[in-house]
Amino acid sequence: MSYLNQIRVRFAPSPTGYLHVGGLRTALYNYLFARKNGGVFVLRIEDTDRARYVEGAVENLIVTLKWCGLDYDEGPQLGGNYGSYIQSERLEIYKKHIQILIELKKAYYCFCTPERITELRDSQQKVNQQTKYDKLCLHLTQNEIEEKLKNNLPHVVRLNIEIDKKVIVEDIIRGKVEFDSNLLDDQVLLKGDGYPTYHLANVIDDHLMKISHVIRGEEWLPSTPKHVLLYDAFGWEKPVFAHLPLLLNPDKSKLSKRQGDVAVEDYRSKGYLSESLVNFVALLGWNPGIEQEIFSLDELVELFSIDAVNKAGAVFNIEKLNAFNFEHLRKKDDREVLRILKDLLTKSKYSNHSLADDTLLLIIEAMRPRISFVKDIIENSPYFFEPPESYDQEVIKKRWEEDTPNYLRTLAEEYSRLNTPSKDDYEKALHKAAETCGVGNGKLIHSLRLALSGVGGGPGLYDILFILGKEESIKRIYTAIERIK
RNA sequence: GGCGCUAUCGUCUAACGGUUUAGGACGCUGCCCUCUCAAGGCGGUAAUACGGGUUCGAUUCCCGUUAGCGCUACCA
């Protein structure tokens, strides 16, 4: 009877300072798998590399995960029955287990200096051999080992890989993958500083934390046979493996910093909605087989199936992410967009604007089909927050004629007679002014737009008038007459 | 170099041997709508890497070639 019948998965990042989008995808698939199957989602921090530790990284990771909506059931700050969930706090556990391995002769002390290892590797490389430790220290006698240990000689502990063995990795996504043990290196399990390597720590923790499914990136596939050997050495039941396809740069290499943003935090600060990022990343390597593409996190949980995950890597395509953001922004509640907009305004040069929420809501309504980001409201239509600083030359050339000032004056006079006008009133008054001038509406419409906004495009003209209000609109008309040409 | 993984439009993908003139989305693009810019509606563009098998029939199964990627640390 398996003791892994309760579904328990984990996301096990190392605290390097930020959450990589590839990491987000891995975390998301783990989360979706757990939620879909009534399992438990564990967060575990793999901080066994002291050199790479970044202050505050764990806290940041948790904040970012939370922003994405991925709440974990056990982990740092939350606790659980299998803690600690931070590997640097589990050193004694690893030491205890490494002793078992040594007694079993599945692992052995190695006193070789880093220099010797480097030399060995170099010489192997020179003759195009695979690089591998030569098991020199495996042949030390018990006395020699004890002597060296007594003298506190620096050492590591290595996995003793058996020769001539076929190691099979069973993977949900890729099927059976076979490795020849003769090609596997005697991996360091316990480092000179007493910390375990990933290989040792992840196997021990996954076992102790009763992880049933290891869902992680494909870059781990080549080292999985070592993990399998470790499970076998301990006599432990193996979890089910699922190696996810990689997220790729446009040039198809593994997604990296050099070719754009990779931190979830970067996308967050650029104004992407977490829903968009999560939705987009979910569809990189998986899809539910229906034509719908826009999903909430809950819908993803409902639809998710680990069996449907693809094998091939997927390019992280910003253009499509932007389209997802457009879609999610359209679906977002008015009040939430308002909250975001007000927050952005506070940080902008319009921080002392005096627009009421109702007016901002009108602006949001007018701009929503024209933007992919909330910040675009401020960037694309600054005229809602301040009078135009300049007027688009192209539009002037095309729409501003000799008689335009006269038409606009007539229009302004018409508008000044209005009393708390509606959009409709603005339109009717414009028609009337055009008639008075004996010209088509178009002669007024385009030049009026230019006078009000300084540009040639944007929301409906009467929407702009209504949002700006009568006084401001008239003021802008006269200003434009003065300033243009 | 060795080992491993992968291979459908430019990109993300659908097709779980036959319902396929290979479907959708993004991008690009044409038309319509229209006070502009968008949005929206209706179209268009563009793919099974190559070669062998298996089969009555291969995008789908097998083998090889090629290409891409990953791993090859006392990093994860």
Side-chain angles (χ1 to χ4, degrees), chain A residues 12-16 46-49 51-52 110 112 114 117-118 121 124-132 154-158 169 171 173-174 177-180 183-185 187-199 201-202 216-225 243 245-246 248 250-254 280 283-294 307-308 310-324 326-327 330 366-371 380-381 395 399 427 430 440-442 444-446 448-450 453 455-462 464:
Chain A
S14 58
T16 51
E46 312 232 323
D47 59 345
T48 54
D49 182 2
R52 288 217 301 185
C110 172
C112 291
I117 300 298
T118 308
R121 193 162 32 232
Q124 287 166 335
Q125 240 153 23
K126 212 166 290 171
V127 290
N128 266 337
Q129 255 176 14
Q130 52 164 326
T131 55
K132 224 181 116 173
H155 62 274
V156 299
V157 178
R158 288 181 182 273
V169 173
D171 187 286
I173 296 169
R174 286 151 219 286
V177 185
E178 199 175 290
F179 296 85
D180 178 351
L183 271 9
L184 264 25
D185 197 4
Q187 191 69 49
V188 169
L189 298 177
L190 199 69
K191 299 185 262 187
D193 61 6
Y195 279 68
T197 57
Y198 172 84
H199 308 286
N202 108 86
R216 77 225 307 185
E218 192 191 346
E219 69 267 32
W220 294 109
L221 190 54
S223 55
T224 307
H243 287 94
L246 258 22
L248 272 21
D251 73 353
K252 306 259 188 182
S253 57
K254 189 170 152 185
F280 172 64
L283 264 29
L284 253 25
W286 169 81
N287 90 78
I290 56 179
E291 292 198 345
Q292 184 184 346
E293 285 199 317
I294 302 301
D307 308 301
N310 293 140
K311 300 181 207 306
V315 172
F316 188 93
N317 179 231
I318 284 279
E319 302 252 323
K320 188 143 186 177
L321 206 211
N322 291 342
F324 271 70
F326 173 81
E327 294 295 341
R330 296 204 88 178
M367 290 302 288
R368 215 197 272 254
R370 299 173 166 74
I371 55 167
N380 299 354
S381 55
V395 183
R399 308 287 195 188
E427 182 166 6
L430 184 137
N441 298 331
L444 293 187
I445 286 173
H446 300 289
L448 174 58
R449 171 183 294 282
L450 180 66
S453 70
V455 292
L461 180 62
Y462 307 109
I464 298 179

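Computed from a predicted model, the values in this text were never measured in an experiment. Note on naming: letters A, B, ... go to the chains in the order of the sequence lines (proteins, then strands), and numbering restarts at 1 for each one. Because only heavy atoms are used, hydrogens play no part in the values below, and waters and symmetry mates are left out as well, while side chains stay in.
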For [N], the Watson-Crick or wobble partner whose two distances fall under 3.5 Å:
| N | result |
| --- | --- |
| B:G18 | B:C56 |
| B:C50 | B:G64 |
| B:G40 | B:C32 |
| B:A25 | B:U11 |
| B:G1 | B:U72 |

Starting from [atom2] on [N], measure out to [atom1] on [X] and report it in whole angstrom.
| X | N | atom1 | atom2 | answer |
| --- | --- | --- | --- | --- |
| A:Leu283 | B:U11 | CG | P | 17 Å |
| A:Asn287 | B:C26 | CG | C1' | 14 Å |
| A:Arg368 | B:G40 | CZ | P | 14 Å |
| A:Glu291 | B:C26 | CD | C1' | 14 Å |
| A:Leu284 | B:U11 | CG | C1' | 10 Å |
| A:Arg216 | B:C5 | CZ | P | 16 Å |
| A:Asp251 | B:U11 | CG | P | 12 Å |
| A:Phe316 | B:C26 | CZ | C1' | 14 Å |

Could you work out the separation of [N] and [M] based on their [atom1] atoms and round it to a whole Å?
| N | M | atom1 | value |
| --- | --- | --- | --- |
| B:G41 | B:G51 | P | 41 Å |
| B:U8 | B:A15 | P | 14 Å |
| B:A47 | B:A22 | C1' | 9 Å |
| B:U59 | B:G53 | P | 15 Å |
| B:U19 | B:A58 | C1' | 15 Å |
| B:G18 | B:C33 | P | 44 Å |

Mind checking if A:Glu293 touches a base, just sugar-phosphate, or nothing, with heavy atoms under 4.0 Å?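 Here A:Glu293 touches the bases of the nucleic acid.
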
With a 4.0 Å cut-off on heavy atoms, is A:Asn310 in touch with a base, just the backbone sugar-phosphate, or nothing at all?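 Sugar-phosphate only.
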
Counting primed atoms plus P, OP1 and OP2 as sugar-phosphate and everything else as base, spell out the protein contacts along nucleotides 70-76 of chain B at 4.0 Å heavy-atom distance: B, S or - for each nucleotide, 5' to 3'. SSSSBBB

For nucleotides 27-37 of chain B, 5' to 3', base contacts (B), sugar-phosphate-only contacts (S) and non-contacts (-) with protein non-hydrogen atoms under 4.0 Å give S-------BBB

Flag the pair A:Val395 / A:Arg449 as yes when at least one side-chain heavy-atom distance between them is below 4.5 Å, and no otherwise. no

Polar pair under 3.5 Å, donor/acceptor by atom type, side chain A:Lys311, base B:A7: no

Given 3.5 Å as the limit, does a donor-acceptor pair link the side chain of A:Thr197 with the main chain of A:Val188, or not?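 Pair found, side chain donor or acceptor close to backbone of A:Val188.
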
Could you tell me how the ring of A:His199 sits relative to the ring of A:Trp220: parallel (under 30°), tilted (30 to 60°) or perpendicular (over 60°)? perpendicular

Who pairs with A:Asp47 by side chain to side chain contact (heavy atoms under 4.5 Å, CB included), at least two apart in sequence or on another chain?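 With sequence neighbours excluded, A:Asp47 shows a side chain to side chain contact (heavy atoms under 4.5 Å, CB included) to A:Pro15, A:Ile45, A:Tyr53, A:Ile86, A:Gln87, A:Ser88, given in chain and number order.
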
